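Every value quoted in this text rests on a predicted model; they were computed, and no experiment measured them.
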Amino acid sequence: MPLSELIEIDNTFLDRQALRRQITTKHPQETVACNRIATPAARELYSWMLGTYLPTRFPTMYEVRGDSLYSKVTNETLPLRSRSGLSAMTALTASVDTDFLILLPRMTPEGTEIYHLEAFATCFPSGFSTFFKLGLPLADIHGPVPGYKDKLEKSMDRFFARLEKGRCVKRSNWQVTTNDVLFATTGNHIHVSSLEEEESEAELQRLRDEVVIDDCRLR
């Protein structure tokens, strides 16, 4: 993926920025966190995003002025360096219309790198709590995903371990939801147990009956 596609900005930017700030103010624990181990990574991401990427990629919107980044759109000024990892992630989610999740490796006794979620700035989870996944390895984060442990666990950790510095990789996920709620820490996922087949089928039918097609969204 070209580096120019890392962050996308369109004519909904101001509305989205206002929405992100509203969600973060209302749900601070669920939207921003940074474990101590991720502080250097969070501060580096913040400084690079504000000092290099935004003013280079969007020069008509951002301008570096001394030790600060000036937004020509919002008339706001942000320092190019953050005081802490948490303040870095908080400022990023309030200023950039993108969810950020920082994965860092931990070495197992066998010498294998296992990646864990150590920091996040997310306003738009779809059916899960990012807060409860903080500190977990990829395998536990994707526990509900069918076949992840058997088919994807080892290959995903190897993929991140081999990812070269400066290289961008894009992965596309899609989902159909039955509402337009962007901040959704629950719902949007159905897990059917084979031990409760009759009850599960009844629940699925109830959910089908409640669906209003005009309210459905592709995410």
Side-chain angles (χ1 to χ4, degrees), residues 1-10 13 20 31-71 78-125 130-131 133-142 145 148-149 151-174:
M1 179 186 77
L3 193 59
S4 60
E5 296 180 10
L6 182 63
I7 303 295
E8 296 181 348
I9 296 179
D10 58 23
F13 173 73
R20 296 185 73 88
T31 51
V32 182
C34 182
N35 286 340
R36 188 173 182 177
I37 192 175
T39 294
R43 296 182 66 192
E44 180 182 353
L45 173 63
Y46 173 91
S47 295
W48 177 78
M49 184 61 62
L50 271 64
T52 302
Y53 187 85
L54 292 179
T56 303
R57 176 66 180 85
F58 305 103
T60 61
M61 297 180 63
Y62 299 99
E63 178 183 332
V64 173
R65 296 182 177 178
D67 295 331
S68 301
L69 178 72
Y70 173 69
S71 171
L78 289 171
L80 295 182
R81 283 172 173 68
S82 62
R83 298 185 307 274
S84 67
L86 185 61
S87 65
M89 301 304 287
T90 301
L92 282 172
T93 197
S95 306
V96 184
D97 186 21
T98 297
D99 284 351
F100 295 94
L101 297 98
I102 295 179
L103 300 172
L104 294 176
R106 298 185 194 175
M107 196 69 71
T108 67
E110 295 76 26
T112 303
E113 288 186 335
I114 303 296
Y115 279 77
H116 293 67
L117 176 64
E118 301 292 5
F120 64 81
T122 57
C123 288
F124 305 134
T130 316
F131 173 75
K133 296 182 182 293
L134 184 66
L136 295 180
L138 285 171
D140 291 346
I141 290 173
H142 294 90
V145 178
Y148 182 89
K149 185 173 183 60
K151 299 179 181 179
L152 296 173
E153 179 180 351
K154 292 182 178 179
S155 62
M156 286 302 298
D157 281 307
R158 285 198 301 267
F159 170 79
F160 284 110
R162 294 174 180 172
L163 192 60
E164 299 174 0
K165 180 180 178 180
R167 181 188 175 199
C168 287
V169 178
K170 183 177 182 178
R171 186 187 74 175
S172 298
N173 292 333
W174 64 270

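- Between Pro125 and Phe131, every side-chain heavy-atom pair lies at or beyond the 4.5 Å cut-off.
- Rounding to the nearest 0.5 Å places CZ of Arg158 at 13.0 Å from OH of Tyr115.
- None of Thr93, Thr130, Thr98 except one satisfies the side-chain hydrogen bond (donor to acceptor under 3.5 Å, both in side chains) rule with Thr122; the exception is Thr130.
- Under the 3.5 Å distance criterion, the side-chain polar atoms of Arg43 are matched with a main-chain donor or acceptor of Ser82.
- In plain terms, the two heavy atoms of Phe120 and Met89 that are nearest each other are C-CE, 3.6 Å.
- To the nearest 0.5 Å, atom CG of residue Leu117 and atom CG of residue Asp140 are 11.5 Å apart.
- For the atom pair Met49 CE and Leu78 CG, the distance stands at 13.0 Å (nearest 0.5 Å).
- Remark: side-chain polar atoms of Lys133 are paired, donor with acceptor, to backbone N or O of Ile141 under 3.5 angstrom.
- Atom CG of Leu134 and atom SG of Cys34 lie 8.5 Å apart (nearest 0.5 Å).
- Aromatic ring pairs are classed by plane angle as parallel below 30°, tilted from 30° to 60° and perpendicular above 60°; the pair Trp48 and Tyr53 is tilted.
- Between Arg20 and Val96, the closest heavy-atom pair is NE-O, 3.4 Å.
- When side chains are defined from C-beta on, Ile9 counts as touching Met61, because their heavy atoms get closer than 4.5 Å.
- Remark: Glu8 CD is loosely packed, at most 12 non-hydrogen atoms of other residues, nucleotides or ligands lying under 6.0 Å away.
- Cation-pi geometry between Arg57 and Tyr62 is not met: the NZ or CZ atom fails to fall both under 6.0 Å from the ring centre and inside 45° of the normal.
- The two residues Leu69 and Leu50 make their nearest non-hydrogen contact at CD1-O, 3.4 Å.
- Side-chain contact annotation: Ser87 with Thr90, donor-acceptor N/O pair under 3.5 Å absent.
- Between Val64 and Pro55, the shortest heavy-atom contact is CG2-CG, 3.8 Å.
- In terms of heavy atoms, Met1 sits closest to Val169 at CB-C, 4.4 Å.
- A salt bridge is absent between Glu113 and Arg162: the closest approach of a Lys/Arg side-chain nitrogen to an acidic carboxylate oxygen does not fall below 4.0 angstrom.
- With values rounded to the nearest 0.5 angstrom, Cys123 atom SG is found 11.0 Å from Phe100 atom CZ.
- In this structure, CD1 in Ile114 is found 12.0 Å from CZ in Phe160, a value given to the nearest 0.5 Å.
- Distance alone, capped at 3.5 Å, is enough to place a donor-acceptor pair between the Ser47 side chain and the Leu80 backbone.
- Note on Arg81 versus Asp67: no salt bridge recorded, every NZ/NE/NH1/NH2 to OD/OE distance being 4.0 Å or above.
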